[in-house]
Amino acid sequence: FGVVDVEGSALTYVASGTISTTKIEKDLLPARLKVLFDGIREVVARYQPDVATVEIVFVNVNPQSTLLLGQARGAAITALVARDLPVAEYTALQMKKAVVGHGRAAKSQVQEMVRRLLNLPGLPGTDAADALGMAITHAHAGAAMARLGEAATLNRRQHAMYKGGRSY
């Protein structure tokens with residue numbers, strides 16, 4: 001997870017970390033999903049964000065991994081909307097373009113740009129950098145997307161397009 005404060009165009013680092021399920025046996029999926037759900041609810045309770053972002057995941061080479069990731073993503077989104085948070089979604093490509101400037105950026109480039117944009121004393125971990133990158137992406141793009149949404153009614157087909165991200 002990654003939490004930032006946004007005032008105008010100024011971004012301030014608040015917190016970041018990882019909700020880990022590695023201490024639970026891999027075949028105990030419901031227990032692992034509960035750890036994610038409870039962990040996200042704890043982050044929301046502690047930092048009280050106004051909005052949340054989640055990565056849109058594409059089909060992986062391994063269908064089983066994709067299915068498991070989708071279930072974890074569902075637990076995360078459910079935890080957020082259960083707390084009445086609006087959830088915006090962006091692809092990894094959109095995040096990398098917003099943070100680094102090109103969509104094929106390496107993890108190390110995302111880490112370095114997140115460090116620079118948030119004036120961090122050191123590099124965040126790769127997962128935390130991705131989460132903070134999503135927050136930065138929404139901080140920069142979210143207001144513009146909201147204004148576009150107010151100016152024009154989006155029809156169902158346009159709303160579901162990955163290219164423009166999704167916001168609920």
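What you see is a predicted model; the values in this text were computed from it and never measured.
Between the OG1 atom of Thr21 and the CZ atom of Arg32 there is a distance of 3.5 Å, given to the nearest 0.5 Å. Rounding to the nearest 0.5 angstrom, the gap separating the OG1 atom in Thr91 from the NZ atom in Lys97 is 8.0 Å. In this structure, the separation between OH on Tyr90 and CD1 on Ile56 is 9.0 Å, given to the nearest 0.5 Å. Atoms OG1 and NZ, on Thr137 and Lys96 in that order, are 11.5 Å from each other to the nearest 0.5 Å. Atom CG of Leu117 and atom CG of Leu132 lie 10.5 Å apart (nearest 0.5 Å). Taking CG of Leu36 as the start and CD1 of Ile19 as the end, the distance is 6.5 Å to the nearest 0.5 Å.
A chain of hydrophobic side-chain contacts below 4.5 Å, direct or via other Ile, Leu, Val, Met, Phe, Trp or Tyr residues, connects Val43 to Val14. Tracing side-chain contacts under 4.5 Å through hydrophobic residues (I, L, V, M, F, W, Y), one reaches Tyr47 starting from Val81; they form part of the same cluster. There is no path of hydrophobic side-chain contacts, each under 4.5 Å, that joins Phe37 to Leu69. Taken together through direct or relayed side-chain contacts under 4.5 Å among Ile, Leu, Val, Met, Phe, Trp and Tyr, Leu120 and Met134 form part of one hydrophobic cluster.
Annotation: side chain to side chain contact (heavy atoms under 4.5 Å, CB included) contacts of Asp38 (sequence neighbours excluded): Lys34. Under the rule for a side chain to side chain contact (heavy atoms under 4.5 Å, CB included), the partners of Val6 that lie at least two apart in sequence or sit in another chain are Val4, Leu11, Ala139. With sequence neighbours excluded, the residues satisfying side chain to side chain donor-acceptor pair (under 3.5 Å) with Ser16 are Tyr13. The side chain to side chain contact (heavy atoms under 4.5 Å, CB included) search around Ala106 returns Ser108, Gln109, not counting sequence neighbours. With sequence neighbours excluded, the residues that form a side chain to side chain donor-acceptor pair (under 3.5 Å) with Ser20 are Thr22. Scanning for side chain to side chain donor-acceptor pair (under 3.5 Å) contacts around Ser9 gives an empty result, with sequence neighbours left out. For the side chain to side chain contact (heavy atoms under 4.5 Å, CB included) test, residues two or more places apart in sequence or in another chain that qualify with Asn62 are Gln64, Ser65. With sequence neighbours excluded, the residues forming a salt bridge (Lys or Arg N to Asp or Glu O under 4.0 Å) with Arg46 are Glu42, listed by chain and number.
Side chains of Thr12 and Leu118 form no contact here, defined as non-hydrogen atoms less than 4.5 Å apart. Put simply, the side chain of Ile40 does not reach to within 4.5 Å of the side chain of Phe1, judged on heavy atoms. When side chains are defined from C-beta on, Thr53 does not count as touching Val87, because their heavy atoms never get closer than 4.5 Å. Between His138 and Val51 there is a side-chain heavy-atom pair separated by less than 4.5 Å.
Listed by first and then second residue, the salt bridge (Lys or Arg N to Asp or Glu O under 4.0 Å) pairs that reach into residues 6-28 come to none, sequence neighbours excluded. Counting only residues at least two apart or on different chains, the side-chain hydrogen bond (donor to acceptor under 3.5 Å, both in side chains) pairs with a member in residues 121-134 are Lys107-Asp130. Applying the salt bridge (Lys or Arg N to Asp or Glu O under 4.0 Å) test to pairs two or more places apart or on separate chains, none has a residue in residues 51-65. For residues 111-121, the pairs satisfying side-chain hydrogen bond (donor to acceptor under 3.5 Å, both in side chains) are Glu112-Arg115, Glu112-Arg116, with sequence neighbours left out.
Minimum interatomic distance between Ala45 and Arg83 (heavy atoms only, all atoms of both residues): CB-NH1, 3.8 Å. Considering all non-hydrogen atoms of both residues, Leu85 and Ala52 come closest at CD1-CB, 4.4 Å. The two residues Val110 and Ala105 make their nearest non-hydrogen contact at CG2-CB, 4.4 Å. For Ala131 against Gly2, the heavy-atom pair with the smallest separation is CB-N, 3.4 Å.
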Leu33 vs Gln71, side-chain contact (heavy atoms from CB on, under 4.5 Å): CA-CA, chis, key distance, verdict: CA-CA 8 Å; Leu33 294 176; Gln71 291 172 319; 4.3 Å; yes
Taking it one step at a time, do Val99 and His140 satisfy side-chain contact (heavy atoms from CB on, under 4.5 Å)? CA-CA 9 Å; Val99 173; His140 292 305; over 6 Å; no
